[in-house]
Amino acid sequence: MSYLKKGLDKVLGAMCIFLFAFLVLLVTWQVITRFVFNDPSVFSEELAKYCFVWLVLFGSAYVFGENGHMSIEFIRDKFPQKLKMGVEVFIELVVIAFAAAVLVKGGYTVTALAWTQLSASLQIPVGYLYAAMPISGICIIFYCAYNIFLIFQKKKPLEEI
């Protein structure tokens, strides 16, 4: 399971780096064409929107893999060791439920509905924009399951692993 996590970390990290670099180039191109050539690029604004959405969703999944998301630790720290583990497992299960219901199920539904609608300037299905939601949700679910696995394997809260 650790091997899968490292592989997913590398893929998501590489995708985020690529998307961010491509987004910078697109926005730079948009600014140059608008202010220097006085002829704004038609496709770059919409493509930048797609890149930004994908970057945010894949970046958030990557942050879950690194346990870098925000948490309120002072409440959890007041519990004894065994209860800390239970609270962390409960939190991971809540995140799994949210990711499964909203990102995977909801994202799949929205993607399926938007697949027949074409974007204005790119003329590609809008479903590509929404497809990042279920993919990101699956990654988040995997990371949460991995965190639960670590908690039970090490018999320690995540902060001590």
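Just so you know, these numbers use all the heavy atoms, side chains as well, and skip hydrogens, waters and symmetry mates.
Neither Ile151 nor Val94 shares a network with the other; the hydrophobic side chains, linked directly or stepwise wherever heavy atoms of I, L, V, M, F, W or Y lie under 4.5 Å apart, form separate groups for each. Note on Leu118 and Val42: separate hydrophobic clusters, where clusters join Ile, Leu, Val, Met, Phe, Trp and Tyr whose side-chain heavy atoms are under 4.5 Å apart, directly or indirectly. There is a path of hydrophobic side-chain contacts, each under 4.5 Å, that joins Val27 to Val56. Connection of Leu129 to Ile124 is established within a shared hydrophobic cluster, with ILVMFWY side chains joined at heavy-atom distances below 4.5 Å, either directly or through further cluster members. By the criterion of side-chain heavy atoms lying less than 4.5 angstrom apart, applied directly or through intervening Ile, Leu, Val, Met, Phe, Trp or Tyr residues, Leu25 is not grouped with Met15; the two fall into different hydrophobic clusters.
Put simply, CZ on Phe149 and OG on Ser2 are 8.5 Å apart, with the number rounded to the nearest 0.5 Å. Interatomic distance, Leu23 CG to Leu47 CG, rounded to the nearest 0.5 Å: 9.0 Å. Interatomic distance, Phe20 CZ to Leu55 CG, rounded to the nearest 0.5 Å: 7.5 Å.
Proximity of a side-chain donor or acceptor of Glu46 to a complementary backbone N or O of Ser121 within less than 3.5 Å is detected. In this structure a side-chain-to-backbone donor-acceptor pair under 3.5 Å is present from Thr33 to Ser41.
Inter-residue side-chain proximity for Glu92 and Tyr143 is flagged as unmet; no heavy-atom pair is nearer than 4.5 Å. Side-chain contact between Asn147 and Phe64: absent, with no pair of heavy atoms (C-beta onward) separated by less than 4.5 Å. Residues Phe52 and Leu19 are not in side-chain contact: their nearest non-hydrogen atoms beyond the backbone lie 4.5 Å or more apart. Ile148 has its side chain out of reach of Glu88: every pair of non-hydrogen atoms, C-beta onward, lies at least 4.5 Å apart. Side-chain contact check for Arg34 versus Glu45: some heavy-atom pair is nearer than 4.5 Å. The side-chain heavy atoms of Cys139 and Leu8, taken from C-beta on, include a pair separated by under 4.5 Å. Under the 4.5 Å side-chain criterion, counting only non-hydrogen atoms from C-beta, Tyr108 is not in contact with Val104. Under the 4.5 Å side-chain criterion, counting only non-hydrogen atoms from C-beta, Met133 is in contact with Leu57.
Heavy-atom contacts from other residues, nucleotides or ligands closer than 6.0 Å to CD of Gln30 number more than 12. Residue Tyr128 qualifies as open at atom OH: its count of foreign heavy atoms under 6.0 Å is 12 or below.
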task = Applying side-chain contact (heavy atoms from CB on, under 4.5 Å), run through Val89 and Phe152 and close with a yes or a no.
result = CA-CA 9 Å; Val89 169; Phe152 284 123; 4.1 Å; yes
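Taking both residues in full, the closest heavy atoms of Gly137 and Leu103 are given as CA-CB, 3.7 Å, listed atom of the first, atom of the second, then distance. The heavy-atom pair separating Ile141 from Ala99 by the smallest distance is CG1-CB, 3.8 Å. Scanning all heavy atoms of the two residues, the minimum distance from Met1 to Phe142 falls at O-CZ, 4.0 Å. Closest heavy-atom contact between Ile140 and Ala61: CG1-CA, 3.7 Å. The two residues Cys51 and Leu26 come nearest to each other via the heavy atoms SG-CD1, 4.1 Å. Nearest heavy-atom pair, Val95 versus Cys144, reported as atom, atom and distance to 0.1 Å: CG1-SG, 3.4 Å.
A ring-centre distance under 6.0 Å is not found for Tyr130 and Trp115.
The aromatic rings of Trp54 and Phe58 lie perpendicular to each other, with more than 60° between the two planes, well past the 30° mark.
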